[in-house]
Amino acid sequence: MSIFFHEQLYRSNAVMKKLKDYPITICGAGALGANIVENLARSGFDKLTVIDCDRIEERNLSTQPYYRADVGAFKAKILANNLYRAIGTKVDAKTKELTSANTNQLLQDSQLIIDAFDNSVARQAVKDYADQKSIPCLHAGLSSDYAEVIWNDVYRVPSEVNDDVCDYPLARNIVMLTVAVACEAIISFIATAKQRNFTITLKDLTVQSFLE
């Protein structure tokens with residue numbers, strides 16, 4: 001029986017084949033990025049790349065799929081190792097800082113880019129590259145109890161004001177809700193070519209279509 005038995009029953013064989021063969025690069029292996037990578041891998045995606053130069057900290061353990069023994073190690077490497085052990089999926093882990101100078105090197109093999117970075121400079125570099133190369137790009141971001149899942153055409157990079165703030169409120173449930181919405185938007189795009197944008201709020205458990 002396939003690891004993805006239940007997913008296959010829900011999605012269909014044709015969609016599962018598309019997911020397996022579709023190369024995606026996820027930028028960021030933090031609260032959103034790491035959980036998106038794990039969710040996509042466990043949904044049947046087999047050609048995943050993750051880019052992140054950060055190391056795991058103890059405060060990451062409540063919202064990110066890492067263990068206490070992983071503290072101090074590179075997020076991308078640990079994520080790839082854990083998913084290979086769990087389901088045999090080989091994630092390409094790149095422990096490099098993405099900048100406007102190396103986007104071509106790091107993103108050139110992407111058919112779809114997922115931006116889950118936590119700073120505006122890196123987000124801008126991803127957006128600019130996706131615009132320049134006409135590559136589909138989905139941006140996922142959150143703040144307190146609000147989150148967005150927005151495709152590149154209507155996405156606006158947030159201000160740099162809060163980029164260096166280390167202590168911020170973040171509930172695990174808004175992370176997981178945003179991850180679920182983002183992954184469904186990804187699968188829907190691959191299956192139907194339709195780009196769906198969403199906003200999410202935690203206090204009222206609302207997911208709404210985003211129209212500019």
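Both backbone and side-chain heavy atoms feed into the values below; hydrogens, waters and symmetry mates do not.
- None of Thr89, Ile190, Val91 except one satisfies the side chain to side chain contact (heavy atoms under 4.5 Å, CB included) rule with Phe45; the exception is Ile190.
- When hydrophobic residues (I, L, V, M, F, W, Y) are linked wherever their side-chain heavy atoms come within less than 4.5 Å, the members clustered with Ile113 are Ile51, Leu98, Leu106, Leu107, Phe117, Val126, Tyr129, Ile135.
- Between Tyr67 and Asn82 there is a side-chain heavy-atom pair separated by less than 4.5 Å.
- We find the CD1-SG distance between Ile114 and Cys137 to be 7.0 Å, quoted to the nearest 0.5 Å.
- Surrounding CD of Gln108 are more than 12 heavy atoms belonging to other residues, nucleotides or ligands, all under 6.0 Å away.
- A distance of 6.5 Å separates CZ of Arg196 from OG of Ser209, quoted to the nearest 0.5 Å.
- Side chain of Thr206 to backbone of Asp204: a donor-acceptor contact under 3.5 angstrom is found.
- Phe5 and Tyr10 are members of different hydrophobic clusters when ILVMFWY side chains are connected at heavy-atom separations under 4.5 Å.
- Leu138 is not listed as a side-chain neighbour of Tyr155, based on a closest heavy-atom distance of 4.5 Å or more.
- Leu205 is listed as a side-chain neighbour of Leu202, based on a closest heavy-atom distance under 4.5 Å.
- Met16 and Tyr22 fall within the same hydrophobic cluster, defined by Ile, Leu, Val, Met, Phe, Trp and Tyr side-chain heavy atoms under 4.5 Å apart, directly or through other members.
- Taken from CZ in Arg68 to CD in Glu58, the straight-line distance is 8.5 Å, to the nearest 0.5 Å.
- For the pair Leu142 and Glu148, the minimum side-chain heavy-atom distance is 4.5 Å or more.
- The heavy-atom pair separating Ile174 from Asp145 by the smallest distance is CD1-O, 3.8 Å.
- Nearest heavy-atom pair across Val50 and Gly28 is CG2-O, 3.9 Å.
- One finds no salt bridge joining Lys194 and Glu184 here, because no Lys/Arg side-chain nitrogen approaches an Asp/Glu carboxylate oxygen to under 4.0 Å.
- Taken from OG in Ser144 to NZ in Lys203, the straight-line distance is 6.5 Å, to the nearest 0.5 Å.
- A donor-acceptor pair is defined here as one N or O able to donate and one able to accept, closer than 3.5 Å; such a pair exists between the side chain of Asn102 and the backbone of Thr99.
- Under the side-chain hydrogen bond (donor to acceptor under 3.5 Å, both in side chains) criterion, Gln111 pairs with no residue at all, not counting sequence neighbours.
- No more than 12 heavy atoms of other residues, nucleotides or ligands sit less than 6.0 Å from atom NZ of Lys77.
- Side-chain contact between Thr49 and Ser110 is absent, with no heavy-atom pair separated by less than 4.5 Å.
- Follow the hydrophobic side-chain contacts under 4.5 Å out from Tyr146 and you never reach Ile150; the two are in separate clusters.
- In terms of heavy atoms, Val149 sits closest to Ala182 at CG1-CA, 3.9 Å.
- Rounding to the nearest 0.5 Å places CG of Asp21 at 8.0 Å from CG of Asp46.
- Through direct or indirect side-chain contacts shorter than 4.5 Å among Ile, Leu, Val, Met, Phe, Trp and Tyr, Tyr84 is connected to no other residue.
- Counting only residues at least two apart or on different chains, the ring pair (Phe, Tyr, Trp, His ring centres under 6.0 Å) pairs with a member in residues 179-199 are Trp151-Phe189.
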Using atom types as modelled, flag every donor-acceptor pair under 3.5 Å from a side chain in residues 34-42 to any protein atom, sequence neighbours excluded.
unit_1, atom_1, unit_2, atom_2, d
Asn35, ND2, Ala31, O, 2.7
Asn35, ND2, Thr63, O, 2.8
Glu38, OE2, Arg42, NE, 3.2
Glu38, OE2, Arg42, NH2, 3.4

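- Rounding to the nearest 0.5 Å gives a distance of 10.0 Å between CG of Leu32 and CE of Met176.
- Nearest approach of Arg172 to Ser62, heavy atoms of both residues: NH1-O, 2.9 Å.
- Val179 and Ile87 fall within the same hydrophobic cluster, where Ile, Leu, Val, Met, Phe, Trp and Tyr residues are linked whenever their side-chain heavy atoms come under 4.5 Å apart, directly or through other members.
- When hydrophobic clusters are built by joining Ile, Leu, Val, Met, Phe, Trp and Tyr residues whose side-chain heavy atoms come closer than 4.5 Å, directly or via intermediates, Ile3 is grouped together with Leu48.
- Defined by atom type and a distance below 3.5 Å, a donor-acceptor pair is missing between the side-chain atoms of Asp128 and Gln132.
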**Audit row: Ile187, Arg11, side-chain contact (heavy atoms from CB on, under 4.5 Å) steps and yes/no** = CA-CA 9 Å; Ile187 294 172; Arg11 302 289 180 191; 3.5 Å; yes
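- Across every non-hydrogen atom of Ala93 and Ala80, the tightest pair is CB-CB, 4.0 Å.
- Put simply, the side chain of Ser2 gets close to the backbone of Phe4: a donor and an acceptor are under 3.5 Å apart.
- Between the side chain of Asp70 and the backbone N or O of Ala73, no donor-acceptor pair lies under 3.5 Å.
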**Request:** Take Lys75 and Asp52 through the salt bridge (Lys or Arg N to Asp or Glu O under 4.0 Å) test and state the conclusion after the steps.
**Result:** CA-CA 7 Å; Lys75 291 181 178 182; Asp52 196 301; 5.3 Å; no
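- Summarising the geometry of Lys96 relative to Cys53, their closest heavy-atom pair is C-CB, 3.6 Å, with the distance given to 0.1 Å.
- Under the rule for a salt bridge (Lys or Arg N to Asp or Glu O under 4.0 Å), Lys18 has no partner lying at least two apart in sequence or in another chain.
- A heavy-atom distance below 4.5 Å is found between the side chains of Asn152 and Lys127.
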